[in-house]
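Reviewing the structure listed below.
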Amino acid sequence: MTTSGKTASAAYLRTTVAPPERPPPLTSGPLAWLRENLLSSPLNVALTLAGLYIVYVLVPPAVRFLLVDAVWTGEDRNACLVSAAGQPVGACWAFVASRLRYFVYGAYPDGQLWRVNLVFALCAAGIVWLLWTRAPRKDLGAIFFFGLFPVAAVVLLYGWPAIGLPHVHTSLWGGVVVTLVVAFAGIVVSLPFGVLLALGRRSRLPLVRLVSVTFIEFWRGVPLITVLIMANTMLPLFLPGNMSPDKLLRPLVGVALFASAYMAEVVRGGLQAIPKGQFEGAASLGLNYWQTTRLVVLPQALRIVIPGIVNTFIGLFKDTSLVSIVGIFDLMRTIEVSLADPRWATPVTAASGYAFAAIFYFVCCFGMSRYSIAMEKRLATGHKRQETDR
Amino acid sequence: TLDQVKQRGVLHCGSNPGLAGFAVADDKGQWTGFDVAFCRAVAAAIFDDPAKVRFIPLTAKDRFTAVQSGEVDVLIRNTTWTMSRDTSLGLNLGPVNYYDGQGFIVRSSLGLKSAKELEGASVCVQQGTTTELNLADFFRANNIKYEPVTYASAVEAVKAYDSGRCDAFTTDASALYAERLRLTAPDEHVVLPEIISKEPFAPVVRHGDDQWFDLVQWTVNATINAEELGVTKANVDEQLKSENPEVRRLLGVEGNFGEGIGLPADWAVRIIRHVGNYGEIFAANLGPDSPLKIDRGLNRLWTNGGILYAPPIR
Amino acid sequence: MTSAAQQAGQSARHLGGAPVIRMIDVHKWYGEFHVLRDINLDVARGERIVICGPSGSGKSTLIRCINRLEEYQKGRIIVGDVELTNNIKRIDEVRREVGMVFQHFNLFPHLTILENCTLAPIWVRKIPKKEAEATAMRYLERVKIPEQAHKYPGQLSGGQQQRVAIARSLCMNPKIMLFDEPTSALDPEMVKEVLDTMVSLAMEGMTMLVVTHEMGFARQVADRVIFMDQGQIVEMNTPTEFFSNPQHERTKLFLGQILH
Amino acid sequence: MTSAAQQAGQSARHLGGAPVIRMIDVHKWYGEFHVLRDINLDVARGERIVICGPSGSGKSTLIRCINRLEEYQKGRIIVGDVELTNNIKRIDEVRREVGMVFQHFNLFPHLTILENCTLAPIWVRKIPKKEAEATAMRYLERVKIPEQAHKYPGQLSGGQQQRVAIARSLCMNPKIMLFDEPTSALDPEMVKEVLDTMVSLAMEGMTMLVVTHEMGFARQVADRVIFMDQGQIVEMNTPTEFFSNPQHERTKLFLGQILH
Amino acid sequence: MARTPPVQSPPPDRGDATGSWLYNPAVRGAAYQVALAAAVVLILYEASTNAIENMRRLGIVSGFGFWNAPAGFDINQRLISYSSTYSTYGEAFWVGLLNTLLVASAGIVLATVIGFVVGIARLSRNRIVSFLAACYVEFFRNIPLLLQLYVWYNAVLRALPAPRQSLSTADAVFLNNRGLFVPAPVFGEGSGLLLVAAVLACAAIAVFGRWARRDQDRTGRQHATGLVSLALFAGFMALGWFAAGRPVTFNVPDLRGFNIVGGLQIYPEFVALLLGLSIYTASFIAEIVRAGMLSVSRGQTEAAYSLGLRPGITQRLVIIPQAMRVIVPPLTSQLLNLTKNSSLAVAIGYPDLVQVFMGTVLNQTGQAIECVVITMLVYLLLSLLTSLAMNIYNRRVAIVER
Ligand SMILES: Nc1ncnc2c1ncn2[C@@H]1O[C@H](COP(=O)(O)OP(=O)(O)OP(=O)(O)O)[C@@H](O)[C@H]1O
Ligand SMILES: Nc1ncnc2c1ncn2[C@@H]1O[C@H](COP(=O)(O)OP(=O)(O)OP(=O)(O)O)[C@@H](O)[C@H]1O
Ligand SMILES: [Mg+2]
Ligand SMILES: [Mg+2]
């Protein structure tokens with residue numbers, strides 16, 4: 001201490017307020033951010049450089065391929081072979097454009113496309129209704145989406161001559177339509193079925209529990225592709241006599257069973273989160289088991305597991321691509337088949353087709369996952385508010 | 001089965017999901033091809049309308065189950081007639097509508113003359129077909145080492161061959177010509193001369209309905225007989241007036257042979273009027289009028305040095 | 001009949017009504033743990049009983065036996081004129097007549113206050129919705145929170161939630177109300193509003209069994225105070241006697257701790 | 001040098017020891033937020049300092065700067081004879097000599113109590129395990145829980161856990177101990193056992209900086225009490241003076257709220 | 001009235017005399033269960049009689065007679081000896097199963113490594129690194145694995161040259177669109193000694209490790225176990241190598257004809273499948289790792305630092321052991337997914353269990369039920385074993401609470 005003994009008291013009293021000051025330069029602002037986050041140590045600098053290098057290696061070629069050098073119009077492969085100027089060609093969007101109808105509708109008859117479009121529109125409406133948090137009457141929305149819409153979709157897509165809609169056999173369906181049909185059928189069946197299984201797994205009746213657990217663990221233990229192959233080859237054997245399920249129906253059954261098992265586990269998570277007091281409250285009011293389940297437990301449990309359901313759906317949506325392996329013309333397969341079209345055989349055709357598929361799946365899945373994260377955040381804050389309020 | 005089909009009003013015909021020349025569907029779902037034509041012939045015989053067919057695309061794996069289960073009434077899909085298939089799968093096959101054999105396609109730049117030079121080559125092949133077994137047999141018999149690369153679908157196998165994964169691609173020779181068209185540069189590939197197997201293609205129906213089996217059999221036979229007798233799409237109506245007793249029997253002017261297969265007497269007329277005779281079907285889908293330009297080879301009439309020989313109608 | 005039962009019978013008779021709850025020689029076990037022992041208790045119509053005792057003494061278990069949230073293994077419990085057995089029909093009958101309020105409210109968080117109150121009347125009593133809502137509003141007014149009817153439980157304070165829970169039970173028109181420490185999860189300033197509601201309920205003649213440590217409440221409204229320890233009813237008396245002149249050693253100790 | 005620094009120096013001298021902690025003109029920012037302003041403080045060997053002040057006033061930040069859990073942007077902090085800079089070696093040296101006890105104990109839940117206590121001695125001081133365990137047992141006895149040595153933190157009560165945390169710090173033989181609200185996460189009945197431990201530590205002459213609102217503790221053991229507000233040291237005095245005769249308006253207000 | 005009733009044991013289950021059995025929950029429960037059991041049995045019975053009837057009608061013979069019948073087809077990648085002439089369908093099954101296990105175990109290692117690297121990168125304070133890691137995760141997990149496999153397979157194939165233009169190093173390692181060819185070790189006489197040396201080395205490392213731990217316990221000294229182990233291993237192996245007279249020769253791959261002959265061939269199908277599986281699964285593992293690391297509260301790090309522990313040791317002894325408890329259960333389920341997903345091999349021609357057994361064998365024999373059931377049972381068994389192991393692990397590491 002340089003200054004010595006002015007007052008001999010241990011006491012100190014601040015007389016002048018030290019006002020807040022701006023931080024010294026280089027401790028805040030964008031430069032500080034840079035220093036702090038990118039350049040704080042030699043290792044960090046190296047990482048930054050490596051990261052930038054990776055960006056440099058990946059991004060410009062991707063942009064060049066997808067946009068700058070891409071061919072947007074053309075009638076056949078000549079458009080996408082090495083360009084007139086002798087430059088290498090990027091993505092052949094002309095190919096995608098010319099096959100787009102096939103990718104979306106498959107071989108669905110031309111005059112009947114409005115039916116598919118109507119189904120798309122109804123589906124979109126239902127999704128918005130259910131997922132948009134401020135939409136009114138969610139209960140009606142659910143009835144519409146899980147009850148009316150599937151029936152309407154089947155009638156529209158498959159046809160019903162009695163009301164003037166000619167049959168369109170499922171072998172003509174294809175592309176995005178089939179992808180959506182498979183994914184949607186999976187979710188529509190798996191939700192109620194998964195709920196039942198989850199309830200069964202928590203039942204106090206040992207046999208019910210055993211059956212549920214066996215069912216769930218069986219489907220969760222085997223790969224989807226084996227389920228699909230099984231549905232394809234064995235389902236007809238298990239049905240009586242000449243009953244031969246439609247080709248598209250078989251994977252649907254497989255997917256639905258498979259998805260139910262996963263859904264059951266998701267729902268079970270929600271059921272477990274319901275405090276015991278809810279059951280007791282309901283019991284003390286005289287509600288019976290099914291009333292309690294339907295009116296008190298499930299509404300809460302399902303709300304909690306919406307993110308989980310969405311995640312299951314994302315997985316299901318991606319997994320629909322596997323039906324292409326058993327010969328169903330989903331988006332994946334229409335693309336695969338189109339790649340073999342000699343009229344469009346160029347070095348970039350495959351890459352373009354895959355890029356298109358990747359973009360399609362990515363946009364759908366990423367969108368859904370963002371939604372589920374947002375939902376999760378909302379749920380988390382919702383719970384917190386409730387707790388502090390108490 | 002015939003009653004079912006009539007009642008349903010449409011024939012369910014199992015077909016290859018995409019093999020140029022034999023069965024291809026365009027973007028709109030319109031099917032064309034050699035096998036397709038025979039499906040249409042059956043439909044024409046029954047309904048007098050070749051459009052009353054629904055084509056059910058089947059992979060190599062699930063085609064037999066589809067017949068067994070009754071999902072399709074008949075399978076006309078470059079299916080090889082083998083004893084085991086005929087006897088132990090609950091199926092009936094025949095008669096042959098195309099005599100084929102398994103061959104190899106390789107890059108011309110390799111300069112190969114024979115499949116026996118494929119020592120150490122890798123060969124792309126489709127899974128679950130006789131092809132896979134023939135391949136193994138051939139290399140085993142000739143004591144040559146090779147590396148099989150097996151794919152679930154022909155599309156995949158061809159794609160892999162095209163991209164250089166394999167030195168050779170093997171399948172039925174007819175399909176080789178068809179698949180060659182799908183390659184990026186078809187001219188740079190040659191089909192090797194060896195035919196390593198007998199592959200008689202025949203329609204497949206279920207065991208147990210002999211009348212239906214007969215119907216399918218004689219539909220094929222009718223086209224062959226028609227060619228032999230010079231009855232064509234164009235002249236079939238004229239030929240009705242023909243004096244040739246064989247022609248008259250074929251076209252139902254004399255006798256009623258349709259009765260035995262549950263069809264009216266003019267069943268063959270319907271077939272020829274709508275789809276043509278064997279030669280016309282071949283020419284339009286595989287031969288000179290098609291991009292494949294396959295030589296008829298064995299599939300010439302017996303009178304022309306081939307082995308195509310249909311039992312007479314009498 | 002043991003002496004405890006005689007006493008219980010007498011106190012009930014003392015009030016003149018026919019007993020609406022009769023517990024005779026009730027025993028209950030959790031596995032090997034003997035949680036209720038030799039419980040004998042008659043509750044007359046309109047009687048208000050407060051149960052107290054140290055933690056773990058079986059108070060909650062006792063009242064939960066009355067609406068069969070817990071099974072008992074020995075003895076008999078008769079509510080109204082229904083004996084509690086494994087007969088589901090009978091249990092439902094009893095639960096319809098017995099309301100229960102919990103420590104943690106156990107409101108249904110996904111339903112509005114009004115829906116919470118109308119759920120059981122609509123589904124159990126099969127009352128038309130309109131009517132059920134009118135009744136619910138009446139009871140919500142009674143517990144002084146009609147204006148919150150369309151909010152969700154999460155938006156209410158603890159005291160308000162507990163009052164909703166009371167209203168929810170009342171909507172079923174129960175003949176008996178059970179309270180399991182209704183104020184112990186509440187912040188001190190909210191305790192009073194709930195107790196006030198309960199007092200006014202008592203004044204109207206509702207039969208009530210209340211597990212609580214609010215001795216002021218016991219003094220004010222109880223007809224009898226019961227002290228439990230280790231699964232037994234140790235002492236039972238009028239509040240005046242109970243507080244001024246506890247008999248049992250345990251009771252004295254307990255009261256010593258609780259009445260600072 | 002500002003007057004504040006002078007004052008701090010003087011108070012240290014007043015106690016006669018050489019300062020073991022010197023904070024000179026320390027400023028710290030979180031982004032744009034000026035969280036510590038113009039801090040000057042000398043702590044003599046053996047001195048016990050209690051820091052109090054409203055929430056968010058920077059108390060935690062201040063003591064966390066001393067063992068470099070936080071960086072500061074301006075000024076100097078010297079602990080022992082090591083100045084805290086970005087030199088990792090030096091930071092390690094300081095941390096070895098400075099023990100810290102947190103509000104939430106921060107015991108390692110996957111290690112037993114004994115392993116919690118021996119981890120740092122073995123890996124930092126490179127002491128043989130036997131020896132480290134002996135020391136640990138000594139300190140566990142000192143905080144009166146030797147019998148829990150082989151349990152896991154999750155099996156202990158809050159108060160016991162906090163005492164383990166103290167023992168764990170002591171096992172490193174620190175010259176200085178920092179406490180950040182060590183009792184504020186505890187149930188009332190456990191506060192005392194922890195404070196007792198701290199008092200006995202203080203009696204043995206450990207240099208201590210304690211952030212706490214336990215004013216009884218401050219009265220009993222503190223050499224100086226520091227009051228912080230808005231990142232500044234507002235007032236500093238002996239406990240007697242501080243409590244009986246607070247000078248600053250803020251201090252008065254704060255004490256008014258806190259002393260019932 | 002204060003006579004204390006004695007503590008008693010519960011009476012035997014009380015039959016209910018008064019309640020109508022119709023409303024007895026026990027009776028009802030039993031009824032439900034009987035109904036369910038009846039339904040299950042009925043379904044199973046229906047399915048099996050239908051199957052039997054259908055098979056009889058279609059003339060399909062069931063049974064496992066085919067297991068020992070000659071297979072007649074070839075498989076390119078095989079870990080056990082197999083040839084179309086002499087081998088049976090049963091052996092084909094084992095070839096397929098081993099191929100599945102091979103790609104799954106390689107994938108498990110690779111996916112775990114990538115997953116941890118990316119997961120930790122996501123937590124990096126370097127914004128570019130964490131951003132790239134986030135992009136990696138979002139990109140790969142939102143695109144179907146099948147599509148990724150196609151892309152990898154075609155990308156791997158197309159990027160590589162034909163055999164004659166192989167990339168090669170020292171004329172011993174070749175890379176082309178037929179795969180990667182490396183010298184294959186041929187174990188000659190005396191190779192056994194190498195094995196002995198390896199075993200000895202491991203023993204020595206174990207002994208040293210134990211000694212090092214003891215020594216640290218005793219004296220507090222710390223030892224560079226990793227380095228010493230490496231040195232020990234190298235030393236022993238070298239010793240064994242020369243003692244046995246250099247027993248191992250290498251079969252060096254060679255360009256002959258139009259293909260590479262000899263050496264060890266790593267097939268592009270394998271590489272594509274491995275890459276696809278690992279990269280896809282790693283994107284999920286990365287999220288799990290991140291969540292696990294974040295689940296360890298900041299206070300743990302601070303407490304460790306304030307005890308003077310260095311960051312490295314803090315990670316090793318404090319953070320990672322705690323994070324692992326959170327990470328391991330979902331990690332195993334991801335690794336199980338990886339194993340199951342390896343069945344997508346069928347799409348790109350890698351001869352795994354599904355491709356060989358559920359594909360070729362099923363088609364050649366027509367024994368659909370047998371093949372499907374066996375294949376599913378294999379996967380089921382793998383799953384059950386894994387969950388069993390998982391449960392044991394969970395029980396062992398569960399944080400003890402009171
Ligand atoms: N489901 C159960 N399984 C086993 N024991 C239980 C169960 N529920 C309660 N117990 C035990 O039974 C005893 C009595 O519990 P009960 O809840 O009735 O006590 P209480 O008097 O209400 O106590 P508190 O004042 O804490 O609410 C306690 O020892 C408790 O641990
Ligand atoms: N990591 C951080 N980033 C930004 N601001 C922070 C951070 N940590 C603390 N602060 C802010 O700095 C201020 C001082 O925090 P500090 O924790 O030191 O207060 P305190 O006096 O210990 O309060 P309490 O009594 O609540 O513990 C607070 O306003 C706080 O919000
Ligand atoms: Mg209780
Ligand atoms: Mg603080």
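Note on naming: letters A, B, ... go to the chains in the order of the sequence lines (proteins, then strands), and numbering restarts at 1 for each one.
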Taking atom [atom1] of [X] and atom [atom2] of [Y], what is their separation to the nearest 0.5 Å?
| X | Y | atom1 | atom2 | result |
| --- | --- | --- | --- | --- |
| D:Ile66 | E:Ser306 | CD1 | OG | 13.0 Å |
| E:Tyr305 | D:Asn67 | OH | CG | 12.5 Å |
| D:Lys129 | E:Thr219 | NZ | OG1 | 13.0 Å |

[Y] side chain reached by [X] side chain, heavy atoms, under 4.5 Å:
| X | Y | answer |
| --- | --- | --- |
| D:Arg64 | E:Glu302 | yes |
| E:Asp217 | D:Lys130 | no |
| E:Pro321 | D:Phe108 | no |
| D:Arg95 | E:Leu307 | no |
| E:Val318 | D:Leu119 | yes |

Exercise. What part of D:Leu69 gets closer than 4.5 Å to chain E, counting heavy atoms only: side chain, backbone, both or neither?
Worked result: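 For D:Leu69, the contact with chain E is made by the side chain alone.
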Note to self: Is D:Leu107 in contact with chain E via its backbone, its side chain, both, or neither, using a 4.5 Å heavy-atom distance?
What the structure shows: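 Answer is backbone: N, CA, C or O of D:Leu107 sit under 4.5 Å from chain E.
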Is it the case that more than 12 heavy atoms not belonging to E:Arg218 sit under 6.0 Å from its CZ atom?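 Yes, enclosed.
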Review point. Are there more than 12 heavy atoms of other residues, nucleotides or ligands under 6.0 Å from atom CZ of E:Phe208?
Key: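 For E:Phe208, atom CZ is crowded (more than 12 foreign heavy atoms under 6.0 Å).
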Discussion item. Can you confirm if the NZ or CZ of E:Arg316 lies within 45° of the ring axis of D:Trp123 and under 6.0 Å from the centre of its six-membered ring?
Written reply: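 Judged by the rule, E:Arg316 and D:Trp123 form a cation-pi pair.
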_Please classify the contact of E:Leu317 with chain D as side chain, backbone, both or neither, using a heavy-atom distance under 4.5 Å._
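Both backbone and side chain of E:Leu317 come within 4.5 Å of chain D.
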If we define contacts as heavy-atom pairs under 4.5 Å, which of D:Asp92, D:Ile127, D:Leu111 has the most with chain E?
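Heavy-atom pair counts peak at D:Asp92.
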**Message:** Has D:Asn106 got a side-chain atom pairing as donor or acceptor with E:Ala303's backbone, closer than 3.5 angstrom?
**Reply:**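 No, the answer is negative, given that no donor and acceptor are paired below the 3.5 Å cut-off.
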For this session: Compare every heavy atom of E:Leu309 with every heavy atom of D:Ala120, then report the nearest pair and how far apart it is.
Result: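 Shortest heavy-atom contact: CA-CD2, 4.1 Å.
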